[in-house]
**Student:** 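Pasting in a structure now, in structure tokens, and then I'll have a few things to ask.
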Amino acid sequence: MEALAYEVDCWQDFADVIAAGIGRVLLYGPPGTGKTYAALHAGTSTAFAERLICTEDLTAGEITGTWMPGREGVFSWREGPAIRAWRGADGSGARLVLDEVDRASGDALATLLAVTDSRESARWRHPETLEWVRPGPNFSVVMTSNIEELDDLPSSLLDRFAVRIRVDRPHSGALSQLSVDLREAARRGSVGPSDRRVSLRSFYAYDELRTLYGANRAARLVFGDNADAVLDALRVGALA
Ligand SMILES: Nc1ncnc2c1ncn2[C@@H]1O[C@H](COP(=O)(O)OP(=O)(O)OP(=O)(O)O)[C@@H](O)[C@H]1O
Ligand SMILES: [Mg+2]
């Protein structure tokens, strides 16, 4: 019988799911842990990835495409990132990364539902050539979000994403960009309770600034009123 006790590592889960060819994955959790980076890079070595950042103002045209005015007032169709990802470089499909997906609403949300539908159901008519376009076999979507609870996403969208991975730690590749003495503090600090969380991006800035201006000034510039607390934590970490 398969052992039930194993260490759950969200990044290993993500790698395994992508390796198994699962084409719809949601990564959610605290900011700055490497979700977008992993979504763009994991399993996409041979294809290019398209990225779409969702906002309240996102329009359907920014997803599937829009008419653009050209010379002498002639309009031509500019294909959007979702359809480009359906096609990929050679028609076989590529990765679509949908960042901050909880912010999409209205028309944009309806379009995202159509774009992320199963391969069998999804199709879109090119308004210029009138050809029917379908997602290529290698089309995949990774959505990212900072939501804490899955209920904060529309259930219709969630339903298309059977694998949802809560990211509860920074990616080791992201930590390795930091000086060695900061890694442990950044690992713990970047996923703690939200009111005490210190983003990995802040540690990156601190790491760069301290080489120029020393630890105290760098901490004040980056961490503001929390500078002393962060420096104390770093000292304790260094002694531990
Ligand atoms: N595997 C990695 N190797 C190198 N750098 C990384 C890696 N993962 C993340 N980073 C770096 O860490 C920073 C944060 O990563 P990313 O933007 O992917 O986080 P995120 O979880 O998507 O954050 P948010 O939720 O705020 O969008 C970026 O500067 C990114 O380049
Ligand atoms: Mg992101």
Side-chain angles (χ1 to χ4, degrees), residues 8-19 24-58 62-63 81-82 85 94-105 108-109 112 116 140-153 157-158 161 163-211 218 221-223 226 230:
V8 179
D9 178 330
C10 56
W11 294 115
Q12 188 60 52
D13 284 349
F14 182 55
D16 289 348
V17 163
I18 292 294
R24 303 286 184 278
V25 184
L26 167 67
L27 298 177
Y28 69 104
T33 49
K35 297 182 294 300
T36 298
Y37 188 100
L40 286 168
H41 292 92
T44 58
S45 54
T46 55
F48 63 97
E50 296 283 349
R51 182 183 181 193
L52 195 56
I53 302 175
C54 301
T55 64
E56 287 81 4
D57 301 328
L58 181 72
E62 288 168 296
I63 302 171
R95 168 73 45 77
L96 176 64
V97 177
L98 298 177
D99 274 331
E100 325 301 346
V101 72
D102 49 295
R103 302 203 185 140
S105 60
L109 179 57
L112 289 181
T116 57
S140 62
V141 191
V142 179
M143 304 198 297
T144 80
S145 173
N146 292 138
I147 53 164
E148 296 287 342
E149 301 292 332
L150 287 176
D151 288 350
D152 294 341
L153 278 183
L157 189 60
L158 207 48
F161 288 74
V163 177
R164 303 101 180 232
I165 297 174
R166 183 174 155 79
V167 173
D168 60 0
R169 65 195 70 184
H171 193 281
S172 58
L175 286 174
S176 68
Q177 304 296 308
L178 281 170
S179 298
V180 174
D181 64 313
L182 298 180
R183 289 181 195 168
E184 183 51 24
R187 188 184 66 76
R188 280 185 278 116
S190 60
V191 290
S194 57
D195 55 335
R196 276 186 283 137
R197 210 175 275 156
V198 182
S199 162
L200 205 54
R201 296 184 179 103
S202 300
F203 280 99
Y204 285 157
Y206 170 72
D207 205 6
E208 263 188 73
L209 284 169
R210 74 174 177 170
T211 62
L221 285 167
V222 176
F223 304 117
N226 293 326
V230 174

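Counting starts at 1 for both ligands and their atoms, following the listed order. Because only heavy atoms are used, hydrogens play no part in the values below, and waters and symmetry mates are left out as well, while side chains stay in.
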**Student:** Closer than 4.0 Å to some heavy atom of Asn146 - which atoms of ligand 1 meet that?
**Tutor:** 25 (O)
**Student:** If you have a sec, work out which protein heavy atom is nearest atom 30 (C) of ligand 1 and how many Å separate them, to one decimal?
**Tutor:**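 Going atom by atom, the protein heavy atom closest to atom 30 (C) of ligand 1 ends up being Tyr37 CD1, 4.1 Å.
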**Student:** Can you list the steps and then say if Leu26 with Val163 is a side chain to side chain contact (heavy atoms under 4.5 Å, CB included)?
**Tutor:** CA-CA 6 Å; Leu26 167 67; Val163 177; over 6 Å; no
**Student:** Identify, by atom number and element, the atoms of ligand 1 in contact range of His171, meaning under 4.0 Å from any of its heavy atoms.
**Tutor:** 1 (N)
**Student:** Below 4.0 Å from any atom of ligand 1, is there a heavy atom belonging to His41?
**Tutor:** no
**Student:** Is Arg24 reaching over with its side chain to a backbone N or O of Thr116, donor-acceptor style, under 3.5 angstrom?
**Tutor:**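 Yes.
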**Student:** Within the structure, is a non-hydrogen atom of Thr33 found at a distance of less than 4.0 Å from ligand 1?
**Tutor:**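 Flag set, Thr33 near ligand 1.
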**Student:** Counting N and O atoms only, with roles assigned by atom type, does the side chain of Lys35 sit under 3.5 Å from a partner on the main chain of Asp99, one being a donor and the other an acceptor?
**Tutor:** no
**Student:** What protein heavy atom sits nearest atom 10 (N) of ligand 1, and how far away is it?
**Tutor:**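 I find the closest protein heavy atom is Ala174 CB, 3.6 Å.
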**Student:** Please could you name the atoms of ligand 1 that Glu100 approaches to less than 4.0 Å, counting only its heavy atoms?
**Tutor:**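 Answer, ordered by atom number: 27 (O).
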**Student:** Without hydrogens or angle criteria, can the side chains of Thr44 and Arg95 be said to hold a donor-acceptor pair below 3.5 Å?
**Tutor:**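 Judged by distance alone, the side chains do not pair up.
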**Student:** Specify the protein heavy atom at minimum distance from atom 5 (N) of ligand 1: its residue, its atom name, and the distance to 0.1 Å.
**Tutor:**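 Minimum-distance protein heavy atom for atom 5 (N) of ligand 1 reads Gln177 CG, 3.7 Å.
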**Student:** Would the distance check show the side chain of Tyr204 and the main-chain N or O of Ala174 forming a donor-acceptor pair, the cut-off being under 3.5 Å?
**Tutor:** yes
**Student:** Counting both backbone and side chain atoms, is some N or O of Ala38 under 3.5 Å from an N or O of ligand 1?
**Tutor:** no
**Student:** Measure up the His171 and Trp11 rings against each other and bin them: parallel (under 30°), tilted (30 to 60°), perpendicular (over 60°).
**Tutor:**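 Geometry flag for Trp11 against His171: perpendicular rings.
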**Student:** Taking both backbone and side-chain atoms of Pro30, is any N or O found less than 3.5 Å from an N or O belonging to ligand 1?
**Tutor:** no
**Student:** How far is atom 23 (O) of ligand 1 from the closest protein heavy atom, and which atom is that?
**Tutor:** Gly32 N, 2.8 Å
**Student:** The test is salt bridge (charged side-chain N to carboxylate O under 4.0 Å, His left out); show your working for Glu148 and Arg197 and say whether it passes.
**Tutor:** CA-CA 14 Å; Glu148 296 287 342; Arg197 210 175 275 156; 3.5 Å; yes
**Student:** Quick check against the 3.5 Å criterion: does Arg51 have a side-chain atom that pairs as donor or acceptor with the backbone of Leu40?
**Tutor:**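 No, Arg51 side chain to Leu40 backbone: no donor-acceptor pair under 3.5 Å.
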**Student:** Has the side chain of Ser179 got a donor or acceptor atom that lies under 3.5 Å from a matching backbone atom of Asp181?
**Tutor:**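 Pair absent, no side-chain N/O of Ser179 close to backbone of Asp181.
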**Student:** Tell me which protein heavy atom sits closest to atom 19 (O) of ligand 1, plus the residue, atom name and distance to 0.1 Å.
**Tutor:**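 Its nearest protein heavy-atom neighbour is Gly34 N, 3.1 Å.
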**Student:** Distance to 0.1 Å, residue and atom name: give those for the protein heavy atom nearest to atom 26 (O) of ligand 1.
**Tutor:**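 Among all protein heavy atoms, the one nearest atom 26 (O) of ligand 1 is Arg201 NH1, 3.0 Å.
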**Student:** For the side chain of Thr55 and the backbone of Leu58, is there at least one donor-acceptor N/O pair under 3.5 Å apart?
**Tutor:** yes
**Student:** Starting from atom 20 (P) of ligand 1, what is the nearest protein heavy atom, named by residue and atom, and what distance separates them?
**Tutor:**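 Closest protein heavy atom to atom 20 (P) of ligand 1: Lys35 N, 3.5 Å.
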**Student:** Look at Thr144 and state whether any of its N, O or S atoms is less than 2.8 Å from the Mg ion (ligand 2).
**Tutor:** no
**Student:** Students should be able to answer this: which protein heavy-atom is nearest to atom 13 (C) of ligand 1, and at what distance?
**Tutor:** Tyr204 CE1, 3.7 Å
